[in-house]
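Given the structure is predicted, the values throughout are model-derived calculations rather than measurements. Naming: A, B, ... by sequence-line order, numbering from 1 per chain.
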Amino acid sequence: DIQMTQSPSSMSASLGDTVTINCLASQDIGNYLSWYQQKPGKSPKLMIYGATNLEDGVPSRFSGSRSGSDYSLTINSLGYDDEGIYHCHQYYEYPNTFGAGTKLELK
Amino acid sequence: EVQLVESGGGLVQPGRSLKLSCLASGFTFSNYGMNWIRQAPGKGLEWVASISSSSSYIYYADTVKGRFTISRDNAKNTLYLQMTSLRSEDTALYYCARHRGWRSGYFDFWGPGTMVTVSS
C-alpha cells in the first residue's frame, strides 16, 4: 500500500501568515493527490485535486504544488476561517490512502 | 445541489451486522463512482470501499475485505454498505463520498456521515 507521510501533525500560525503542509508519498503517485479541509463536526471539503488544481469556489489563497514525491498545500494570508484539519489523499491506486492529517490553529 | 445523506448507523454488538445507506440527489447518480470512508473518533480518514458507476469495479480496504460489501441501486440513487462480523475497531463515523475520475478519483462531495459504534 502507498504510505502518505504528512507533516507537521499540528501547527499554530498568526493571521496573515503563509503556511505550508506537506505530504510525502512512499512511491510514485504522479499528480493523483488531493487535499481536504475538515472543520470540527463537519465532513471534509475538497480543496485541491490533481496536486495543483484548485476546486471551484476555493479561495485563490490556497495552492498545491509537487516536487517529485513531495506534495505541498500552501495557504497565503491566513484567516480564522482556515482553521481546521487538512488531509492529503492519494488516488493513484487502490487502496486509496490518506495522510494522518495536520491540525491548523490560529494564534 | 449535490446532496449525500447517510443513514443506518447505530450501536451494535461485536460480531453482529449493520447495513448503511446513502441517498444521493442533485446529480446523475448512475454516472459516478461512489465510496465509503470512515473516521474513528479523534483519528484520521480511512478509505473503506469503492464501487464504479455500473458496479463493474469494486474495491475494499484489507481491514474490511470479506466482512463488508458495497453495493448500489442506481434506480433508487442509493449506495449501501453491508457490514458483518463487526469489531470494536470498526467504530467510526462513516461517510459516503462521490469520486470524480474513472476507476479511482478524488472525493468532490461528502455526506455528513452516520456513526457506527460497536460495543457490548
Point to revise | chain B contacts, top residue of Gln38(A), Glu93(A), Gln90(A) (heavy-atom pairs, under 4.5 Å) | key: Gln38(A)
Review point. Are Leu86(B) and Val64(B) grouped together when hydrophobic residues (ILVMFWY) are joined by side-chain heavy atoms under 4.5 angstrom apart?
Key: yes
Check your understanding: So how far is it from Tyr106(B) OH to Ile48(A) CD1, rounded to the nearest 0.5 Å?
Key -> 11.5 Å
**Study point:** Exceeds 12 heavy-atom contacts within 6.0 angstrom, atom CZ of Arg16(B)
**Key:** no
**Study point:** Ring centres under 6.0 angstrom apart (Phe107(B), His89(A))
**Key:** yes
Review point. Any chain of hydrophobic side-chain contacts (each under 4.5 Å) joining Val48(B) to Ile70(B)?
Key: yes
**Study point:** Engaged part of Gln6(A) at the chain B interface, taking heavy atoms whose separation is under 4.5 Å
**Key:** neither
Check your understanding: Would you find more than 12 non-hydrogen atoms of other residues, nucleotides or ligands less than 6.0 Å from Lys43(B) atom NZ?
Key -> no
Check your understanding: Are side-chain heavy atoms of Trp47(B) and Pro95(A) found at a separation under 4.5 Å?
Key -> yes
**Study point:** Heavy-atom check, side chain of Asn96(A) versus side chain of Ser50(B), under 4.5 Å
**Key:** no
Exercise for review: Please look at Tyr95(B) and chain A and tell me whether the side chain, the backbone, both or neither of the residue comes under 4.5 angstrom of a heavy atom of that chain.
Suggested key: side chain
Practice item. Consider only side-chain heavy atoms of I, L, V, M, F, W and Y, link residues closer than 4.5 Å, and tell whether Leu45(B) and Leu93(B) are in one cluster. Key: yes
Check your understanding: What part of Ser43(A) gets closer than 4.5 Å to chain B, counting heavy atoms only: side chain, backbone, both or neither?
Key -> both
**Study point:** Which atoms of Ile37(B) approach chain A - backbone, side chain, both or neither, heavy atom under 4.5 Å
**Key:** side chain
Point to revise | Joint cluster assignment, Met83(B) & Leu79(B), ILVMFWY side-chain distance < 4.5 Å | key: yes
Exercise for review: Report yes if some heavy atom in the side chain of Tyr49(A) is under 4.5 Å from a heavy atom in the side chain of Arg100(B); otherwise report no.
Suggested key: yes
Review point. Should the heavy atoms of other residues, nucleotides or ligands under 6.0 Å from CZ of Phe27(B) be counted, would the total exceed 12?
Key: yes
Check your understanding: Do Ser104(B) and Tyr32(A) have side-chain heavy atoms sitting under 4.5 Å apart?
Key -> no
Review point. Using non-hydrogen atoms only, which part of Glu46(B) is less than 4.5 Å away from chain A: side chain, backbone, both, or neither?
Key: backbone
Point to revise | Cluster overlap Phe29(B) with Leu20(B), hydrophobic side-chain contacts below 4.5 Å | key: yes
